[in-house]
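When a ligand or atom number is given, it counts from 1 through the structure's own listing order.
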Amino acid sequence: MSELANKRLVVGMTGGIACYKIGELVRRLIEQGTTVDVVMTEAATRFITPVTMQALSGRPVYVDQWDARMPNNMAHINLTRGADAVLVAPASTDFLAKLAHGMADDLLTTLCVARACPLLVVPAMNREMWANPATQRNAAQLRADGITLLGPAEGDQACGEVGSGRMLEPHEILEELVAHFQPKLLAGKRVLVTAGPTSEPIDPVRVLTNVSSGKMGYAIARAAREAGADVTLVSGPTALATPRGVRRIDVTTARDMLEAVTSNVSAAEVFIAVAAVADWRVKEASARKLKKTEDGPPQLEFVQNPDILATVAGLPQPPYCVGFAAETEDLGRHAAEKRARKRIPLLVGNLAQEALGHDDTTLVLYDDAGEHPLARQPKLAAARQLIAEISRRVLGSGPAGAQGTSAPAGSHAGS
Ligand code: CTP
């Protein structure tokens, strides 16, 4: 991940046991080339020392409002000027209360009030403290003030109780930071994505499926959410983690996937079908495990599965529909034929042997204007570029002709 390279962050720490995880967070930020100024409250220094944070950030750590190291003695102003964001993690109950009331009685609270950049806050506290009406009132006020609250998560707490109030893990905070800095090209739009393979039963222990990993669909769901969309991901069986902030609906068969899509499509403005849907299923799956017999292998009868994308594209008021096609040869011909057959405005093609199971991909976009190859790149980068292209087509916004998409109609991908 290099999205946070060259960013400047102020990381504020308040008193809480989750302070120990911020050492790991700062280390990972530094590895990515982020400049990190750590500011700690007095209470935070009870949990982890400024020396530790200085060693990890490679920069002086500030605790005291009256710290004389700044030439003008104005650390509360200087530290955020030129910063891309302030991140406060862990954020205690007390800190949220002070922030909600604009209080400024130590360096960190004063700096937050005096900042001229976005503020992201990661609460961490006991579940009763988080559930307390005063804390909830303060959290609502902070959101209304334009401050981003990340989490809290649910689960085991250091105090031995279980509930909502855990700080997000460092890798989750990093994912949220990366998302924060992506352009909000689809803000407020609802996007429905299908991903992964489907799995069609033959008998209780055997299935018909394919080798789709789901990586491309998950990357697209993540990129759409990073762009500010409200994202629902209908996923066949995969081993992937749900991208943060994405609502995931797990399905198994093509018919389950069609049902989940049909029940969620009416709210969607964009539908992106990335799933490798099994084209056929066994007409009648056996209720019992099929056994070997002397008559040889079983004769399976197949029937066609519904075409989910074509069904959505055929609705009276369809969302903007985007299809995917992984082909082993003649990509341009198959893609054009599929786009016409499914009556969709945009089809994204790639060569199966270059994409399936790989972390990189080469996408080619097919629309009314012709064929637009994108550069070979990691799937997440390709997903972000595709989301920018979709937003440009849906809203007329986004970068005008992202790099590599200005090929004349009918030109070839050359991949
Ligand atoms: N698709 C779908 N439902 C299906 C089959 C495909 O929604 N039953 C979608 C895929 O998610 C993809 C696009 O249609 O966005 C193209 O899928 P593909 O399998 O390549 O197309 P098919 O129509 O199945 O054509 P073929 O398998 O013959 O290449």
Indicate yes or no: does E327 engage K338 in a salt bridge with an N to O separation below 4.0 Å.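 A salt bridge links E327 with K338.
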
Look at R281 together with E200 and state whether they make a salt bridge at an N to O cut-off of under 4.0 Å.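 So R281 does not pair with E200 through a salt bridge.
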
What closest approach, in Å, do G102 and V113 show between heavy atoms, and which atom pair accounts for it?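 Closest heavy-atom pair between G102 and V113: O-CG2, 3.9 Å.
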
Using a cut-off of 6.0 Å, state whether more than 12 heavy atoms not belonging to R46 lie near its atom CZ.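 No.
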
Does OH in Y20 sit with more than 12 non-hydrogen atoms of other residues, nucleotides or ligands closer than 6.0 Å?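 No - once you tally the heavy atoms of other residues, nucleotides and ligands closer than 6.0 Å, there are 12 at most.
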
Would you give me the side-chain donor-acceptor pairs under 3.5 Å for residues 229-249, sequence neighbours excluded?
from	atom 1	to	atom 2	distance (Å)
T232	OG1	R247	NH2	3.4
S235	OG	Y218	OH	2.7
T238	OG1	Y218	OH	3.2
T238	OG1	L240	N	3.2
T242	OG1	R248	NH1	3.1
R244	NE	E176	OE2	2.7
R244	NH2	E176	OE2	3.3
R247	NH2	N264	OD1	2.5
R248	NE	Y218	OH	3.4
R248	NE	D250	OD1	2.7
R248	NH1	Y218	OH	3.3
R248	NH1	L240	O	3.1
R248	NH2	D250	OD1	3.2

What does the list of residues with a heavy atom under 4.0 Å from ligand 1 look like, ordered by chain and number?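 Residues within 4.0 Å of ligand 1: A273, A275, V277, D279, P306, D307, I308, L309, G323, F324, K338, R341, K342.
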
